[in-house]
Each structure stands twice: as C-alpha cells, then as structure tokens.
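Data block below; observations after.
Protein chains get the first letters and strands the later ones, always in sequence-line order, with residue 1 at the start of each.
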Number of protein chains: 2
Amino acid sequence: MSYTREELVELLRKHGIAPTHQRLEIAHVLFSRCEHLAADQILALANERFAETSKATVYNTLNLFRDRGLIREVIVDPKRVFYDPNTEPHHHLYNVDSGELTDIAAEDLQISGMPVLPPGMVTEGVDVIVRIRAL
Amino acid sequence: MSYTREELVELLRKHGIAPTHQRLEIAHVLFSRCEHLAADQILALANERFAETSKATVYNTLNLFRDRGLIREVIVDPKRVFYDPNTEPHHHLYNVDSGELTDIAAEDLQISGMPVLPPGMVTEGVDVIVRIRAL
DNA sequence: CCGGGAATTAGACAAAGTCCAATCTTTACC
DNA sequence: GGTAAAGATTGGACTTTGTCTAATTCCCGG
C-alpha cells in the first residue's frame with residue numbers, strides 16, 4: 001500500500017484539498033505505512049528528511065483530513081488521539097501496556113441489537129475497542 | 001439508587017478505602033445521581049454545599065476508585081474522561097453534538113467473533129461506543 | 001492525648017491541542 | 001509568465017486536563 005506523489009496529489013484533489021508540500025508530506029506519512037499514529041509522531045516523521053512542517057500545520061491538516069473523510073480519529077487513550085488512514089468500518093485492539101493499536105476487520109466481529117435511535121438522529125459510527133494486557 | 005452516609009462508608013471499606021470526608025463527598029456525587037461525569041463536574045458538585053475538596057484530591061480519589069474497581073473510565077472524548085459508577089459490563093451511546101453519554105445494557109447488544117489473543121494476554125474489557133448526531 | 005502514617009492541599013508543572021496575526025504559497029486569470 | 005486575491009503556514013502565546021511535590025493536616029491506635 002504505497003502511493004506515488006502523483007497519486008497522493010490526486011487523492012487530496014478528489015477530496016477537495018489543495019495539495020501543498022506540507023499536506024503531501026503528512027499524507028505520505030499516513031498512507032505509506034499503515035499504522036495508527038499520534039499527532040506528535042506524525043510531526044516527527046513529516047520533518048524527518050527536511051524540516052518544513054510546523055506543529056500548527058500538522059494539527060490543521062489532520063483536522064482537515066478528518067473532516068473530509070480521508071482519515072479517522074481513534075479515541076482510546078485520553079492522552080493522545082490516534083489517526084487511522086483506514087476509514088472503512090473496522091474495529092480496534094488496544095494493548096493497554098504497550099500502547100499498541102491494531103485493527104480488527106469488520107467482518108470478523110459481528111454486533112447485533114443496535115439500539116433504535118430517537119427520531120432525527122443518525123449513527124455516525126460504532127467503535128469497538130478490545131482492551132488487552134499481559135496476564 | 002441512593003445511598004446513606006453509612007452505606008457509602010461501608011462501600012469504601014469493602015474496597016479497602018479509608019472513608020475520609022472528601023472521599024465520601026465524591027462517592028456521594030458519583031453514586032447518588034447515575035450519570036457520567038467528568039472530573040471538573042465532580043469537583044464542582046463536591047464543593048457545592050461547602051468547599052472542602054481540592055482539584056488534586058478529586059483526581060487522586062477518582063484514580064483510586066478506578067484502581068479499586070469502584071468506578072470505570074469511559075473514553076469517548078479526547079478532551080475529558082468520563083467516570084461511570086456502573087462497573088458492570090455495558091456499552092455507551094454518545095451524542096457527539098451535545099456531549100451526552102448514555103448506557104446501553106450489555107444484554108441488548110451482542111458481540112460475536114472476538115479475536116483470539118496472543119498467549120499471555122487477557123482481555124481487560126470491551127468498549128462499544130455508538131456515536132450519534134442530529135441528522 | 002500523643003505520635004506517626006495516611007490524606008489533603010496550593011500551586012508549579014507538563015503535554016496535547018488551539019488560536020492569532022503576520023508572512024508566504026497557490027491558483028486563476030489575463 | 002506575471003500578478004493579485006484567496007488560501008495556507010508559522011512561531012509563539014495561550015488553554016485545558018491532569019500530574020507532581022513538599023508542606024500541612026487529619027485521624028487512629030495505644
């Protein structure tokens with residue numbers, strides 16, 4: 001799952017996002033590896049080769065990508081938000097000891113008995129977090 | 001679901017917690033209403049009648065209660081942790097617009113296909129969060 | 001009533017994230 | 001290509017949630 005510069009430009013344009021240097025660098029960090037990264041890690045990785053991206057831009061960009069549906073926030077740790085380049089429905093396994101976060105495919109885990117919502121309300125998403133730790 | 005002072009003292013003692021004024025006040029706030037409250041709300045409510053509980057004590061006490069299994073943390077909003085006086089397995093409905101957090105009974109929502117864990121790992125808990133919003 | 005361990009406290013501190021006004025890039029258009 | 005307006009980026013100040021510390025206070029057993 002690796003993208004060329006051109007493909008990333010295309011991806012951003014398709015979501016109505018102007019492809020600037022910084023945004024491409026951040027998109028590259030997110031989509032080249034398929035891990036769950038926190039903002040501080042993304043900032044560090046984006047500036048690895050050549051520092052040109054500020055903290056403010058990383059936050060602006062992550063919020064923009066999230067709003068435009070390019071990435072998804074995963075809230076498992078109150079200390080930091082993780083960003084997930086996979087926006088397809090799926091769930092998470094969180095290692096409480098190590099902080100490691102891995103995917104559970106949506107097909108593997110079935111949920112039944114979803115509550116009926118009050119009128120005028122829609123489900124935005126269902127997050128399942130399986131918290132594990134060493135015995 | 002209301003407790004007398006005596007019952008709260010008993011509850012704390014049963015969990016190996018010395019019943020001080022402040023801890024009883026915080027326990028009262030948590031167990032008298034059955035809502036999900038954040039630390040700042042608990043601080044405000046504890047000091048409503050007569051201010052005698054500091055911010056540090058609220059955090060110390062919530063962490064102590066959590067470690068001793070009296071309450072449970074609910075992580076749905078990266079901005080603040082909610083504390084849930086109900087430690088029985090159950091799930092949550094989170095209104096993204098209003099910040100309102102309500103329970104879903106464990107019986108109502110079935111999950112199947114839980115992943116097999118690596119050896120030496122145990123499941124600490126499974127959190128299901130249904131995020132809803134106005135259409 | 002006294003001594004000591006436990007609990008509480010104010011306030012300094014830390015980390016994640018937001019905001020702002022100044023500056024720099026992009027883009028659309030000629 | 002050149003250019004001006006719209007949009008993006010920036011450092012740094014700021015906010016918020018939560019932690020830490022060292023000093024004080026409380027409370028219980030003897």
Side-chain angles (χ1 to χ4, degrees), chain A residues 5-6 8-29 36-47 49-68 70-83 99 101, chain B residues 5 8-9 12-13 15-30 36-47 50-68 70-83 99 101:
Chain A
R5 202 123 195 122
E6 296 314 309
L8 287 176
V9 169
E10 191 49 36
L11 183 66
L12 296 203
R13 285 238 163 85
K14 211 178 299 178
H15 286 82
I17 298 168
T20 64
H21 288 167
Q22 290 87 343
R23 286 168 179 176
L24 284 169
E25 193 61 49
I26 292 168
H28 175 73
V29 166
H36 303 83
L37 298 171
D40 60 330
Q41 300 175 297
I42 294 166
L43 176 60
L45 288 167
N47 288 321
R49 315 177 186 186
F50 184 61
E52 62 160 5
T53 310
S54 72
K55 186 176 72 155
T57 298
V58 167
Y59 281 104
N60 287 343
T61 301
L62 290 171
N63 289 338
L64 179 69
F65 283 7
R66 187 243 292 124
D67 292 346
R68 299 289 168 89
L70 250 146
I71 59 174
R72 172 191 182 184
E73 284 181 347
V74 184
I75 299 161
V76 288
D77 176 351
K79 289 206 177 4
R80 63 235 253 263
V81 173
F82 286 99
Y83 291 90
L101 186 61
Chain B
R5 201 120 193 123
L8 286 176
V9 169
L12 297 203
R13 286 236 164 85
H15 285 82
I17 298 168
T20 64
H21 288 166
Q22 289 86 345
R23 286 169 179 175
L24 285 169
E25 192 61 50
I26 292 167
H28 174 73
V29 167
L30 284 163
H36 304 84
L37 299 172
D40 60 330
Q41 297 174 299
I42 295 167
L43 175 61
L45 289 167
N47 287 321
F50 184 63
E52 62 162 4
T53 309
S54 71
K55 185 176 71 154
T57 298
V58 168
Y59 280 104
N60 288 345
T61 301
L62 290 172
N63 290 338
L64 179 69
F65 284 6
R66 188 239 294 122
D67 292 346
R68 297 292 166 87
L70 249 146
I71 59 174
R72 171 191 183 187
E73 285 180 345
V74 184
I75 298 161
V76 289
D77 177 349
K79 290 208 176 7
R80 63 237 248 264
V81 172
F82 286 97
Y83 291 90
L101 186 61

>> In this structure, how many angstroms lie between the C1' atom of C:dG5 and the CD1 atom of B:Ile17, rounded?
In response: 18 Å
> About how many Å separate CD1 of A:Ile71 and CG of A:Leu37, when rounded to the nearest 0.5 Å?
Replying inline: 10.0 Å
> Between A:Val29, A:Leu11, A:Leu12, which is the residue that forms a side-chain contact (heavy atoms from CB on, under 4.5 Å) with A:Leu24?
Replying inline: A:Leu12
> Out of D:dA8, D:dT10, C:dA7, which nucleotide sits closest to the side chain of A:Ala18?
Replying inline: D:dA8
>> Nearest whole Å is fine: how far is D:dT10 P from A:Glu25 CD?
In response: 12 Å
> Rounded to whole angstrom units, what separation is found between the CG atom of A:Asp77 and the P atom of C:dA15?
Replying inline: 14 Å
>> Using the side chain to side chain donor-acceptor pair (under 3.5 Å) criterion, which residues pair with A:Arg23? Sequence neighbours excluded.
In response: none
> Please give, in whole Å, the distance from D:dT9 C1' to A:Phe50 CZ?
Replying inline: 15 Å
>> Rounded to whole Å, how long is the line connecting atom CD1 of A:Ile75 with atom P of C:dA16?
In response: 16 Å
> Should B:Gln22 be listed as having a side-chain N or O under 4.0 Å from OP1 or OP2 of C:dT9?
Replying inline: yes
>> Distance check needed: C:dT8 C1' versus B:Asn47 CG, whole Å only.
In response: 13 Å
> Between B:Leu24 (CG) and C:dT8 (C1'), how many Å, whole number?
Replying inline: 14 Å
> Can you name the side chain to side chain donor-acceptor pair (under 3.5 Å) partners of B:Glu73, sequence neighbours left out?
Replying inline: B:Arg66
> What is the distance, rounded to the nearest whole Å, between atom CZ of B:Phe65 and atom C1' of C:dA7?
Replying inline: 13 Å
> Side-chain N or O of B:Thr57 less than 4.0 angstrom from OP1 or OP2 on C:dT8?
Replying inline: no
>> Walk along nucleotides 14-28 of chain D from 5' to 3' and tag each nucleotide B, S or - by protein heavy-atom contact under 4.0 Å, base first, then sugar-phosphate.
In response: ---SBBB------S-
> Taking atom CG of B:Asn63 and atom OH of B:Tyr83, what is their separation to the nearest 0.5 Å?
Replying inline: 5.5 Å
> Does the A:His36 side chain pair with the main chain of A:Leu101, one donor and one acceptor, at a distance under 3.5 Å?
Replying inline: yes
